[in-house]
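Only heavy atoms go into these numbers, but all of them, side chains included; no hydrogens, no water, no symmetry mates. Letters A, B, ... mirror the listed sequences (proteins, then strands); counts begin at 1.
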Amino acid sequence: MRRYNPKEIEPFWQKFWQDNKTYHTSEDSTKPKRYVLEYFPYPSGAAMHVGHVRNYTIGDAISRFNRMRGHNVLHPMGWDAFGLPAENYAIKTGISPKQTIKDSTTKFKKQLMQMGFDYDWSREINSSDPDYYKWTQWFFLLLYRRGLAYRKESLQWWCPVDKTVLANEQVENGHCWRCDSIVEKKALPQWFFKITEYADRLIEDLEDLDWSDSIKSMQRNWIGKSKGAEVDFKIDGTGEKLTVFTTRPDTLFGATFMVLAPEHELVKKITTAEEKDEIEKYIKSAQAKSEIERQDTNREKTGVFTGAYAINPVNDTKIPIWIADYVLAGYGTGAIMAVPAHDERDNEFAKKYDLEIIEVVKTDEKSEIHSEGVIINSGKYNDLRSEQMREKIVNDLAKSKQGKEVINYKIRDWLISRQRYWGAPIPIIHCDKDGIVPVPEKDLPVVLPEIKSYEPSGDGRSPLANVEEFVNTTCPKCGGKATRETDTMDGFACSSWYFLRFADPHNSEKAFSDDKAKFWLPVDDYIGGAEHAVMHLLYARFWTKVMFDEGLVDFSEPFKSLRNQGMILAPDGNKMSKSKGNTIEPGGLIDQGYGADSIRLMELFIGPWNQAVNWSIDGIGGTFRFLQRVWVLNQEFIDSEEKGDGSDPEIIRATHKAIKKVSEDLADMQFNTAVAALMELTNELYKIKADKGFVAKAEWDFALMTLAQLLAPFAPHITEELWQDLGHKGSVHLSEWPVHDDKYLVSDTINIVVQVNGKLKANVKVSADSSEEEVVSSAKSDGKVAQSLDNKEIKKTIYIKGRLINFVVE
RNA sequence: GGGCGAGUGGCGGAAUUGGUAUACGCGACAGACUUAAAAUCUGUUGGCUGAAUAAGCCUUGAGGGUUCGAGUCCCUCCUCGCCCACCA
């Protein structure tokens, strides 16, 4: 008997699949298409660990299951290859990022192949390849042409370690998302994409997506739409006016002071001579604070009076104007009317500086601040409900031209320029005469030149600025001397359209052909971690909508359903990380002899796919033992000399039960219970073998063949071997998924649970076609039941057909 | 502070959506094989009382409710995880 040796069979089948192009996909419209996608990884030098593998294992199981079910499955893989790690490594070692990426891609690909994933490698893409980024640049020009890309000098997040600016989404709690250093603000001319123009659609279209509520709400929160009003306040004794944004115009009568952000442009104009010193001191100290300090919500609020007063437009009251850094310069108008009776923050501030507090809403809830209710102390508006007054006052203000309804968003335009080398060059030329000139399409790609020094200048310019041959060019418009833009694009630009390139990866005429995009897109199953919730997933949706508007695609949402897999934590409960030294790598487990199949099985069996779990060191032994049991059973059957020609309905029943359970569970992505069902089937087959031996050849054949097929999406290597050993030709993965027949599941006798007052007393076996009377009488005749009933009066008998009887007594 | 989610054996987790709670696996214990160990196989394994593989009681974070019947539905509370957070 052959031993189960994954080290031997796994590489064999991996080669077989490559040689036979088993997983190559084409536009075959005779079958329903299914596009299964995992986010294309950044090929870092580090080995992948079992946490990463879970993501790919889930995608692979979905892909294989659907292929066997007769779907035409696209399951591609590629590399999100631009990015800082390779560049930082280049600074340290002098090895070019191109080389680093080449090496680590080879390594990463080898690891993926070692796991036996069914990617169509003929579609492999690499975002740092000029054939790819040519089209990223093309999309930049498309955005530019549509007025969605613009350059503006402004104060931006700056990472002092990575020496580049960052988008808002890439600043986490005042730290750089990549290197975790504390970010600063720096004024630089930068390129932006106008994602704010799509804010409404990005919210509205979430509605119809099959995504988790938590990701949807993260996106909604990030976009942060709020409806309110802008209200103009005259500044006493000057010609100036101060505009504030508020979501509660109904509390306008309760505004007892105003607060400006320290950076607000009016501050200098309105500050009185006496207060000037204090104000300047405060502004300086606010600037000196780090962003983390400023964002700390527990911090005590501070502020300074400007000496100036504003006039409340509704009642002509003079109210003092303060500055305070709890008001953000970047949101709304950078100025607020403070209503300390009904806003917690204003309340805290008013109490500290002894400012007036006027109640204008009689709240109908417990909390003193916030909340809605009946309006008081507000002149003619008294006795209205908050929501009624909001509408009325906005109308009245609009009539007198002192305010208007406004919608505000938290989301900012997407800052996409990076002062780094290893990215797609922004295809723009600066000409003294013609200003900003886009590179003509025929001149694309703007190729990233090979350079010697990767050190960023640190003065806000990328290393490309030092490469004269790159910088100096001619203006496409006037032919005169001009210079190239030296910033490169945010890597997230490259990943905002990669899912389209997979549909048509080798097209040299277009980013993708209409037909192929139409055939494959949108993505049916997008599997990935929640870390992309407000970056990639928002950007990709935005780009897709732009393409839709341009008529390039016929859908406006790229990812129909999104599956967020749960994280695999280290056995110690922490996130796996190289620095903690607690990573578990599949390579190591394979070396120990477990094999990719056991690892894959464990990834899915360990718990629900979308829940975080700790990796269990010992668990892998269990899935390996299971595969070995399957292997041994298969071998014993093949080698057996006593294969009879009897029949055994038990084998057929157990097999059909498993087909039903595994098919349903796979369709619902209940991988852990699907694996459990396969273990149960195997256990049952062992029991039958022990009782009767291999007496029913045809039935055993059917059972073992089916077991191989049902197991195939999870353990692709061993199942090929089982399949061949049973005498089948071709790959099990191209075989047809089995279908169960209910007629084999019904049995002659059924088990009825008997309860007395809801407590389990007995199980009785009755024939399946028994009437209620027959079941009741056989239940009563059970010894234990009779004892419990003890001649008591049965008040009620609950009978659930084929399942349960409950006698209610006393 | 806001949003999303979760609490079931020693552990990871099941439970046909209101109908036998603890499937499946890990671990542990006992036995077989072995000079021995590993591997493998067989059995036991929620808790308490009991000599018992007799019988009974208890058990799904806590407490209440609805129901013939609640892990599942409703109310009150507690704990934990993740994400966002001075967004006016």
Inset, instruction - Work out which heavy atom in A:S778 is nearest to a heavy atom in A:V766; give both atom names and the distance. - result: OG-CG1, 3.4 Å

Under a 3.5 Å limit for both distances, which nucleotide forms a Watson-Crick or G-U wobble pair with [N], could you say?
| N | result |
| --- | --- |
| B:rU49 | B:rA55 |
| B:rC29 | B:rG43 |
| B:rG7 | B:rC78 |
| B:rG69 | none |

Has [X] got a side-chain N or O lying under 4.0 Å from the OP1 or OP2 atom of [N]?
| X | N | answer |
| --- | --- | --- |
| A:R625 | B:rC26 | yes |
| A:Y326 | B:rA88 | no |
| A:S226 | B:rA88 | yes |
| A:N610 | B:rG5 | no |
| A:K759 | B:rC58 | yes |
| A:N672 | B:rC24 | no |

Legend entry - Parallel, tilted or perpendicular, as decided by the 30° and 60° cut-offs, for the rings of A:F349 and A:W322: perpendicular

Indicate, with a heavy-atom threshold strictly under 4.0 Å, whether [X] touches base, sugar-phosphate, or nothing.
| X | result |
| --- | --- |
| A:G622 | sugar-phosphate |
| A:I606 | sugar-phosphate |
| A:D618 | sugar-phosphate |
| A:V808 | sugar-phosphate |
| A:N751 | base |

Inset, instruction - For A:V327 and for A:F624, find the nucleotide of RNA chain B with the closest heavy atom, then tell me which residue's nucleotide is more 5'. - result: A:F624

Inset, instruction - Please figure out whether A:M337 or A:G758 has its closest RNA chain B nucleotide nearer the 5' end. - result: A:G758

Legend entry - Presence of salt bridge, A:K661 and A:E680, under 4.0 angstrom: no

Legend entry - SB check A:K352 A:E348 (cutoff 4.0 Å): no

Tell me which nucleotide among [options] gets nearest to the side chain of [X].
| X | options | result |
| --- | --- | --- |
| A:R629 | B:rU16, B:rA88, B:rU42 | B:rU42 |
| A:V613 | B:rA88, B:rG12, B:rA21 | B:rG12 |
| A:N683 | B:rC86, B:rA14, B:rG25 | B:rG25 |
| A:W222 | B:rA85, B:rC4, B:rC24 | B:rA85 |
| A:F605 | B:rA88, B:rG25, B:rC58 | B:rG25 |
| A:T673 | B:rG19, B:rA15, B:rC86 | B:rA15 |
| A:D213 | B:rU20, B:rG19, B:rG5 | B:rG5 |
| A:Q611 | B:rG19, B:rG12, B:rG13 | B:rG13 |

Inset, instruction - Give the intermediate values and the outcome of side chain to side chain contact (heavy atoms under 4.5 Å, CB included) for residues A:K801 and A:E772. - result: CA-CA 8 Å; A:K801 196 167 180 298; A:E772 178 169 349; over 6 Å; no

Inset, instruction - For RNA chain B, determine which residues of residues 684-693 of chain A have any heavy atom closer than 4.0 angstrom to one of its atoms, and list them numerically. - result: none

Inset, instruction - Show your working on ring pair (Phe, Tyr, Trp, His ring centres under 6.0 Å) between A:F624 and A:Y4 and close with a plain yes or no. - result: CA-CA 10 Å; A:F624 179 79; A:Y4 171 46; 5.6 Å; yes

Legend entry - Face-on cation placement of A:R541 at A:W211 ring, 6.0 Å and 45° thresholds: yes

Euclidean distance for [atom1], [N] against [M] (whole angstrom):
| N | M | atom1 | value |
| --- | --- | --- | --- |
| B:rG56 | B:rU17 | P | 31 Å |
| B:rG18 | B:rC74 | P | 11 Å |
| B:rC33 | B:rG43 | C1' | 15 Å |

Legend entry - Distance-only donor-acceptor check, side chains A:N408 and A:S226, under 3.5 Å: no

Inset, instruction - Consider only side-chain N and O atoms of A:N347 and A:K351, and report whether a donor and an acceptor are under 3.5 Å apart. - result: yes

Legend entry - For atom CD of A:Q592 and atom P of B:rA38, their distance in whole Å: 17 Å

Inset, instruction - State the syn/anti category of B:rU72 according to its glycosidic angle, syn meaning within 90° of 0. - result: anti

